[in-house]
Amino acid sequence: MGIEPARAGAWRTDDFRSTDFASAFAALFDGQAITESDGLQISLPEIAENGAVVPLTIDSTLSGIDKLYVWVENNPTPLAAQFDLSPNLLPFVTARVKMAESGYLRVIARQGKNWLQARKWVTVVQGGCGSG
């Protein structure tokens, strides 16, 4: 029996509505304890010349991760992506995200019953969400 590739799962449209970061984050995680982890590696430029196309790679050697969330704290819609993964594989995701302005990009990972996070600051020269 082979391992099936991860498939895009259903996501709630309410999670991706335009709102402020604190409200959206609280609504999705509802007070769950989230621990800082150096086991999640985020690769992205420190300075993004164009916020419309910021390259991002998320990598980890932690086993059992089945969900990743990408948050861009200062965006009009702060939840940028959600990935449903096989917990049998080590996570590796690459994408391009939009960033309206300088700020933190935060990755939240679910590992069993635990929630982990890592974040990095990105300085945006030209905003990529129509904010100029």
Side-chain angles (χ1 to χ4, degrees):
M1 181 165 93
I3 297 176
E4 291 186 28
R7 296 181 194 178
W11 45 269
R12 301 176 339 158
T13 55
D14 286 348
D15 294 341
F16 289 91
R17 294 209 189 280
S18 182
T19 185
D20 68 282
F21 169 75
S23 299
F25 195 83
L28 187 59
F29 294 108
D30 194 29
Q32 295 282 334
I34 301 173
T35 306
E36 292 288 330
S37 174
D38 57 6
L40 295 170
Q41 287 79 46
I42 304 171
S43 298
L44 70 163
E46 290 182 20
I47 300 174
E49 295 294 329
N50 182 353
V53 288
V54 180
L56 164 68
T57 299
I58 304 164
D59 190 11
S60 181
T61 57
L62 299 173
S63 62
I65 292 177
D66 67 347
K67 193 172 287 283
L68 290 174
Y69 294 93
V70 177
W71 293 85
V72 181
E73 293 185 8
N74 291 332
N75 275 3
T77 304
L79 181 57
Q82 172 188 322
F83 300 96
D84 295 323
L85 309 170
S86 169
N88 299 319
L89 302 173
L90 295 177
F92 181 86
V93 173
T94 185
R96 298 205 185 280
V97 295
K98 291 185 177 188
M99 296 188 72
E101 59 187 77
S102 300
Y104 282 104
L105 182 137
R106 183 185 303 230
V107 173
I108 306 292
R110 182 173 69 186
Q111 183 187 41
K113 294 182 180 183
N114 298 317
W115 291 95
L116 309 171
Q117 77 172 332
R119 67 184 187 154
K120 283 204 171 180
W121 178 269
V122 177
T123 299
V124 175
V125 176
Q126 179 180 356
C129 295
S131 61

Please set out all donor-acceptor pairs under 3.5 angstrom arising from side-chain atoms of residues 113-123, sequence neighbours excluded.
from, atom 1, to, atom 2, distance (Å)
Gln117, OE1, Arg106, NH1, 2.8
Gln117, NE2, Glu36, OE2, 2.9
Lys120, NZ, Ile42, O, 2.9
Trp121, NE1, Thr123, OG1, 3.2

| In the single-linkage hydrophobic clustering (I, L, V, M, F, W, Y; side-chain heavy atoms under 4.5 Å), do Phe29 and Phe21 co-cluster? | yes
| task | Classify the ring geometry between Trp71 and Phe25 as parallel (under 30°), tilted (30 to 60°) or perpendicular (over 60°). | result | perpendicular
| Minimum heavy-atom distance between Leu62 and Gln111, given as atom pair plus value | CB-NE2, 3.8 Å
| request: Tell me, please, which residues at least two apart from Ser102 pass side-chain hydrogen bond (donor to acceptor under 3.5 Å, both in side chains). | output: none
| Can you name the closest pair of heavy atoms from Leu85 and Pro91 and give their distance? | CD1-CB, 3.8 Å
| query | Quick check: does any side chain N or O of Asn75 sit under 3.5 Å from a backbone N or O of Ala100, one acting as donor and the other as acceptor? | reply | yes
| message | For Gly39 versus Ser37, what's the shortest heavy-atom pair and its separation? | response | N-OG, 2.9 Å
| Distance, nearest 0.5 Å, that separates CG of Leu56 from CD1 of Ile58 | 4.5 Å
| field | Set of ring-ring contact (aromatic ring centres under 6.0 Å, His included) partners for Phe83, sequence neighbours left out | value | none
| query | Atom OG1 of Thr61 and atom CD of Gln41: how far apart are they, to the nearest 0.5 Å? | reply | 6.0 Å
| query | Are side-chain heavy atoms of Ile65 and Leu40 found at a separation under 4.5 Å? | reply | yes
| field | Where Pro45 and Pro55 come nearest, the two heavy atoms and their spacing | value | CD-O, 3.4 Å
| task | Mind checking side-chain contact (heavy atoms from CB on, under 4.5 Å) for Ser63 and listing every partner two or more places apart, or none if nothing turns up? | result | none
| Roughly how far, to the nearest 0.5 Å, is the CD1 atom of Ile47 from the CG atom of Leu44? | 12.0 Å
| note | Residues passing the side-chain contact (heavy atoms from CB on, under 4.5 Å) test with Asp66, sequence neighbours excluded, are Pro87, Arg110
| Over all atoms of both residues, closest heavy-atom pair of Val53 and Arg96 | CB-CD, 4.2 Å
| remark: Taking every heavy atom of Val124 against every heavy atom of Gly51, the minimum-distance pair comes out as CG1-CA, 3.9 Å
| task | Any chance you could measure Glu73, atom CD, to Asp20, atom CG, to the nearest 0.5 Å? | result | 11.0 Å
| Single-linkage hydrophobic cluster, 4.5 Å side-chain cutoff, Tyr104 and Ile34 together | no
